[in-house]
Asks: 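Mind looking over this structure? Questions follow.
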Amino acid sequence: MSPQTDARELFQRFDGNPIITSADFPNMVNAVFNPGATEFEGRTLLLLRVEHRTGLSSLAVATSDDGLTGWQIDPTKGLEPDPNLSEECWGIEDPRITRIGEEYYVVYVSYSAFGPLVSLAKTRDFAHWERCGVLQTPEDKDAALFPVTFDGRWALIHRPVPAAAGLGAHIWLSFSPDLHYWGEASTLLTARRGGWWDANKVGLGPPPLLTKDGWLLCYHGVRVTASGSIYRLGLALLDRDDPAKVLARGNEWILGPQATYEQSGDVPDVIFPCGWILRDDGDTLHLYYGAADSVVCVATASLAQLMSHLEVHPFASE
């Protein structure tokens, strides 16, 4: 099966979508969505958010030879919430994977009784894990690490939510010398105001992707309508050496819920990616996303076309 082709769209949905559903699990689960993605031992690996019928979520592993078909769920791998950790008492969600050396650093949302927060675990094989603790306190989510340091500091993109109503939810950048203590926080991408597709609430999608022009970001924006919220995707570009410097931001959304499996589910009208993989040709990009908080899907794009789109569809000012 090949991607569904529409010359007007930058991302082409795979004909075989959804690629993973709750029916693929041997035990009964409510939904599977919002996968992190990486390459592991020559295969595509997805770290899936699995929402059980309790309402709580854990992380499961599925692999594929081509990143599109033949997905195999491995019951020996994955990450379960630790009942002895107060920050994980309501489950773990929405992983983003960053490979650093021979280890895979997974930033995820851990759900505490006091709200969602950002936690970190690392692994070499997705079966044995070392928890590294809480990175950001509630309410915070939509976080990922860069794979390199900047002037000796690690960098984390995340999305805190202010307690005061009406201030919007924006994408922030923080730094750390040791992946434990975080500071030097600043806003990176602010949610626009008014009638924009990404007004009032934005959040990171997959981890930042290094290109020859800088770090490419895919982020979601939330448009609140009379019938509910719509989650769509947009692009931005950060400086290669100074990720706090935004070089470009697109003025249009590039992928929104249009297929039936994106418009209908537990949370309708949601496209929510947590992972993407640039293939060996250096141009083919596979974006893995949760659709309607119910199933896992993939869409394909050309990196060159995405970069060109940013250049010809700029947003001049915040």
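Values below: all heavy atoms of this structure, side chains included; hydrogens, waters and symmetry mates excluded. When a residue number appears, it is its place in the shown sequence, counting from 1.
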Asks: Under 6.0 Å between ring centres, would you say that holds for Trp197 and Tyr219?
Replies: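 Yes: the rings meet the under 6.0 Å criterion.
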
Asks: Between Glu252 and Arg232, does a side chain to side chain contact (heavy atoms under 4.5 Å, CB included) hold up when you go through it step by step?
Replies: CA-CA 10 Å; Glu252 297 182 350; Arg232 301 186 179 107; over 6 Å; no

Asks: Can His52 and Ser58 be said to form a side-chain hydrogen bond (donor to acceptor under 3.5 Å, both in side chains), step by step?
Replies: CA-CA 8 Å; His52 302 275; Ser58 63; 2.7 Å; yes

Asks: Donor-acceptor pair, distance only, cut-off 3.5 Å: does the side chain of Trp276 make one with the backbone of Pro207?
Replies: yes

Asks: Between Tyr261 and Asn17, do the side chains contain an N or O donor and an N or O acceptor separated by less than 3.5 Å?
Replies: yes

Asks: State, with a plain yes or no, whether a side-chain heavy atom of Val32 is found less than 4.5 Å away from one of Val295.
Replies: no

Asks: Using modelled atom types and a 3.5 Å cut-off, is there a donor and acceptor pairing between side-chain atoms of Thr98 and backbone atoms of Leu145?
Replies: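 Between the backbone of Leu145 and the side chain of Thr98 there is a qualifying donor-acceptor contact (under 3.5 Å).
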
Asks: Taking atom types as modelled, is there a side-chain donor on Ser64 or Asp66 under 3.5 Å from an acceptor on the other?
Replies: yes

Asks: Tell me if the aromatic rings of Trp215 and Phe146 count as close, with their centers under 6.0 Å from one another.
Replies: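 Yes, the ring of Trp215 comes within the 6.0 Å limit of the ring of Phe146, centre to centre.
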
Asks: Check whether any side-chain N or O of Asp74 sits under 3.5 Å from a backbone N or O of Ala62 as a donor-acceptor pair, and report yes or no.
Replies: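 No.
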
Asks: Count the heavy atoms belonging to other residues, nucleotides or ligands that lie under 6.0 Å from CD of Glu184, then report whether that count exceeds 12.
Replies: yes

Asks: Kindly indicate, with the supporting measurements, whether the criterion side chain to side chain contact (heavy atoms under 4.5 Å, CB included) is fulfilled by Trp71 and Val296.
Replies: CA-CA 11 Å; Trp71 293 96; Val296 174; over 6 Å; no

Asks: Output yes when a side-chain donor or acceptor of Trp154 lies under 3.5 Å from a complementary backbone atom of Ser176, and no otherwise.
Replies: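 No, because the side chain of Trp154 does not come within donor-acceptor range (under 3.5 Å) of the backbone of Ser176.
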
Asks: Does Trp90 belong to the same Ile/Leu/Val/Met/Phe/Trp/Tyr cluster as Val267, with side-chain heavy atoms less than 4.5 Å apart forming each link?
Replies: no

Asks: So do the side chains of Pro35 and Leu47 get within less than 4.5 Å of each other, counting heavy atoms only?
Replies: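 A side-chain contact under 4.5 Å is absent here.
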
Asks: Is there a path of hydrophobic side-chain contacts, each under 4.5 Å between heavy atoms of I/L/V/M/F/W/Y residues, joining Leu48 to Tyr288?
Replies: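 In one cluster: yes.
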
Asks: Can you see whether His128 engages Thr123 through a side-chain donor-acceptor pair at a distance of less than 3.5 angstrom?
Replies: no

Asks: Is it the case that one hydrophobic cluster holds both Val61 and Ile20, taking links as side-chain heavy atoms less than 4.5 Å apart, direct or via other members?
Replies: no

Asks: Hey, mind stepping through Arg159 and Lys201 against side chain to side chain contact (heavy atoms under 4.5 Å, CB included) and telling me if it holds?
Replies: CA-CA 9 Å; Arg159 205 281 307 283; Lys201 184 178 180 181; 3.7 Å; yes

Asks: How about Trp253 and Asp198: do any of their side-chain heavy atoms sit closer than 4.5 Å?
Replies: no

Asks: Would you check if the side chain of His180 reaches a backbone N or O of Pro177 as a donor-acceptor pair within less than 3.5 Å?
Replies: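 Such a contact is absent between His180 side chain and Pro177 backbone.
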
Asks: Could you check whether any side-chain N or O of Ser229 sits under 3.5 Å from a backbone N or O of Val224, counting only pairs where one atom can act as donor and the other as acceptor?
Replies: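 Absent.
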
Asks: For Asp82 and Glu88, work out which heavy atoms get closest and say how close.
Replies: N-OE1, 2.7 Å

Asks: Under a 3.5 Å distance rule, please check whether Asp242 uses its side chain to pair with a backbone N or O of Asp239 as donor and acceptor.
Replies: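 Between the backbone of Asp239 and the side chain of Asp242 there is no qualifying donor-acceptor contact (under 3.5 Å).
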
Asks: Can you see which heavy atom on Arg124 is nearest to which on Phe40, and at what distance?
Replies: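 Reported closest heavy-atom pair: O-CE1, 3.3 Å.
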
Asks: Could you tell me whether Arg13 and Glu262 have a side-chain N and a carboxylate O separated by less than 4.0 Å?
Replies: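 Looking at Arg13 and Glu262, the cut-off is met.
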
Asks: When you measure from the side chain of His220 to the backbone N and O of Gly203, does any donor-acceptor pair fall under 3.5 Å?
Replies: yes

Asks: Scan side-chain atoms only and decide if Arg279 and Thr44 contain a donor-acceptor pair under the 3.5 Å cut-off.
Replies: yes

Asks: Does the side chain of Ser174 come under 3.5 Å of the side chain of His158 through a donor N or O and an acceptor N or O?
Replies: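 Short answer, yes.
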
Asks: What about the rings of Phe272 and Phe33, do their centers lie closer together than 6.0 Å?
Replies: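 No: the rings miss the under 6.0 Å criterion.
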
Asks: Transitively linked via ILVMFWY side-chain contacts under 4.5 Å: Leu235 with Leu209?
Replies: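 Yes, it is one cluster - the side chains of Leu235 and Leu209 are joined through contacts under 4.5 Å.
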
Asks: Any heavy-atom pair between the side chains of Leu310 and Asp213 that's under 4.5 Å?
Replies: no

Asks: Are any of the side-chain nitrogens in Arg153 or Asp178 under 4.0 Å away from the carboxylate oxygens of its partner?
Replies: no

Asks: Give a yes or no answer on whether the side chain of Arg96 reaches the backbone of Leu204 with a donor-acceptor pair at less than 3.5 Å.
Replies: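 Present.
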
Asks: For residues Val161 and Val107: do they belong to one hydrophobic cluster (side chain heavy atoms under 4.5 Å, members Ile, Leu, Val, Met, Phe, Trp, Tyr)?
Replies: no

Asks: Can Val118 and Val109 be said to form a side chain to side chain contact (heavy atoms under 4.5 Å, CB included), step by step?
Replies: CA-CA 5 Å; Val118 176; Val109 175; 5.7 Å; no

Asks: Phe11 and side-chain contact (heavy atoms from CB on, under 4.5 Å): which single residue from Thr300, Val298, Leu287 fits?
Replies: Leu287

Asks: Under the 3.5 angstrom rule, does the side chain of Thr187 hit a backbone N or O of Thr190 as a donor-acceptor pair?
Replies: no

